[in-house]
Amino acid sequence: MNNEPLLDQAQQPLSFSSTLLFNLYAGHFLARWGASQLPLLRMWEFSVGLYMINAWPDSLFLAAAYGVVESASTALIGPLIGQYVDKLSYAKVLKLWLFSQNLSFIVAGCAVIAILIHPDTISSNYVSFLALIILVNVSGAIGVLSTLAGTILIEREWVVVISEGQPPGTLTKMNSIIRRIDLVCKLFAPVVSGFIISFVSLTASAIAIALWNILSVFLQYWLLMSVYNGIPQLKETRKRNIFSEINESEEQLEKRTVIDRVLNAPYITAWRLYIKQDQVVLPGLALALLYFTILSFGTLMTAALEWQGIPAYVIGMARGISATVGIGATFLYPVLQSRISTLRTGLWSIWSQWTCLLLCVASVFVNGKLLSAYLLMSGVALSRLGLWMFDLSVIQQMQDHVADSDRCVVGGVQNSIQSVLDLMTYIMGLIISNPQDFWKLTFLSFVVVTLAAILYSLHIYRVRKHLLHLDKLLLLIGWPARSSN
């Protein structure tokens, strides 16, 4: 990419080199390819379900247990991660994020390799098998927390800071490109991993994941530090500490009652701050509800499809197709957002997702295991168009309506809520661990998406006092408009 200024629709130049934006996107791509909120982002996310069901065939228990540990760690510690990102310098967050993320997933990958090389460990040495499973889970949890810090830093903080004072539409464009990168990783990483698993071995896939993290960390750091050093806004020290109580004198702190100290503890304060965000609480909860689902090509669905006899490379290709649909959402979103507003784009998006998921409900009633599986995959893939447009809509509402000093903390709490719902999904996977009962999880997921759509619709009605412009719809179908007299 050249160094000429990037132009928007109004042909107004950005105030920094477009090479720096390229470095930002490239660094984000490397992190996303390698982790999925876990290193080897999308390859690890895709592969871990296959690793777990291979270690314990005919049960979703290990895959669900991994998801429980991962989601619970984010749910419990997510708000504190947001506070640390808010307090530490950008450079320090960057170093801690990349080092801890990549090291954690190297360790997890090595533990998986040990399990796959010695598949009889579960029967011959159960203690060693259990220790390796715990190591995979703990390393994965640490990795997901470090990646959460990176997600907040790049997606919730840097893109907003960089877009400040830039031409109109810059923030929407950057949000769309960041999400597009994520979805490109969803498209290609599972396909690569699926072919390695199907035509080489599971062990080779685990080795590839560990090597990726070793080789990519230094390049990620160089790319993102070049962005930090090249854009002055990012180097400005922002002392945006929302917890003003820290400045109180020791005497004032001593006078606090026990209840006051509890209510003003950093963890509780973060949640109180989130609840006060009147314009984004309901959209945030609606988005979080969408994480309470197995209809996502995640660990549980991948393991269930494997059990149904769908080859790993087919699952990877199906997931790639769903990501392609999602990539289309990143192109469509800026167009809709510019024409019908961020709020209404979210409304149309979430109900579009709901409509496509009717195919997943239909798959429950179809005779034939393979036909049912392909119908299920089709419904999930098509629903990604609405899902990712809704995701972008809610993120931009948070960027627009949350104060600069509160963004990191609110982002941490939002990720915590999403992880609580994600955790509930895996808990349901533990309870309903027989792959034959996967249809129950499908129905439950559809009900939750319905609830999310209703919740967001209530928010729209509360803000706009209506859901649809009935007069415009009537004109579209040729119905005469009402007289204004």
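The side-chain contact (heavy atoms from CB on, under 4.5 Å) with M301 is formed by just one residue from the set L441, V380, T442; it is V380. Between V85 and the choices I152, L96, L80, L148, the side-chain contact (heavy atoms from CB on, under 4.5 Å) rule is met once, by I152. Checked against I162 for a side-chain contact (heavy atoms from CB on, under 4.5 Å), the options L171, T170, L24, L20 give a single hit: L24. Residue L295 forms a side-chain contact (heavy atoms from CB on, under 4.5 Å) with just one option from L290, L376, V449, and that option is L376.
The shortest heavy-atom contact between V448 and L289 is CG1-O, 3.1 Å.
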Assess whether side-chain contact (heavy atoms from CB on, under 4.5 Å) is satisfied between M428 and L444, documenting all intermediate values. CA-CA 10 Å; M428 292 305 300; L444 179 61; 3.9 Å; yes
Do E157 and R407 pass the side-chain contact (heavy atoms from CB on, under 4.5 Å) test, and can you show the C-alpha distance, the side-chain angles, and the key distance before you say yes or no? CA-CA 7 Å; E157 188 70 6; R407 272 199 308 265; 3.5 Å; yes
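Under the 30°/60° scheme for interplanar angles, the aromatic rings of Y456 and H459 are found to be tilted.
Atom CZ of F292 is separated from atom CG of D422 by 10.0 Å, given to the nearest 0.5 angstrom. Atom OG of S349 is separated from atom OH of Y333 by 8.5 Å, given to the nearest 0.5 angstrom.
A donor-acceptor pair under 3.5 Å is formed between the side chain of Q414 and the backbone N or O of G284. Put simply, the side chain of D406 never gets that close to the backbone of V402: no donor and acceptor are under 3.5 Å apart. No donor-acceptor pair under 3.5 Å is formed between the side chain of D391 and the backbone N or O of L387.
For the residue pair Q337 and T342, a side-chain donor N or O sits within less than 3.5 Å of a side-chain acceptor on the partner. Checked by atom type, the side-chain pair S393/Q397 shows a donor-acceptor distance below 3.5 Å.
The side-chain contact (heavy atoms from CB on, under 4.5 Å) test applied to V325 returns R384, L385, not counting sequence neighbours.
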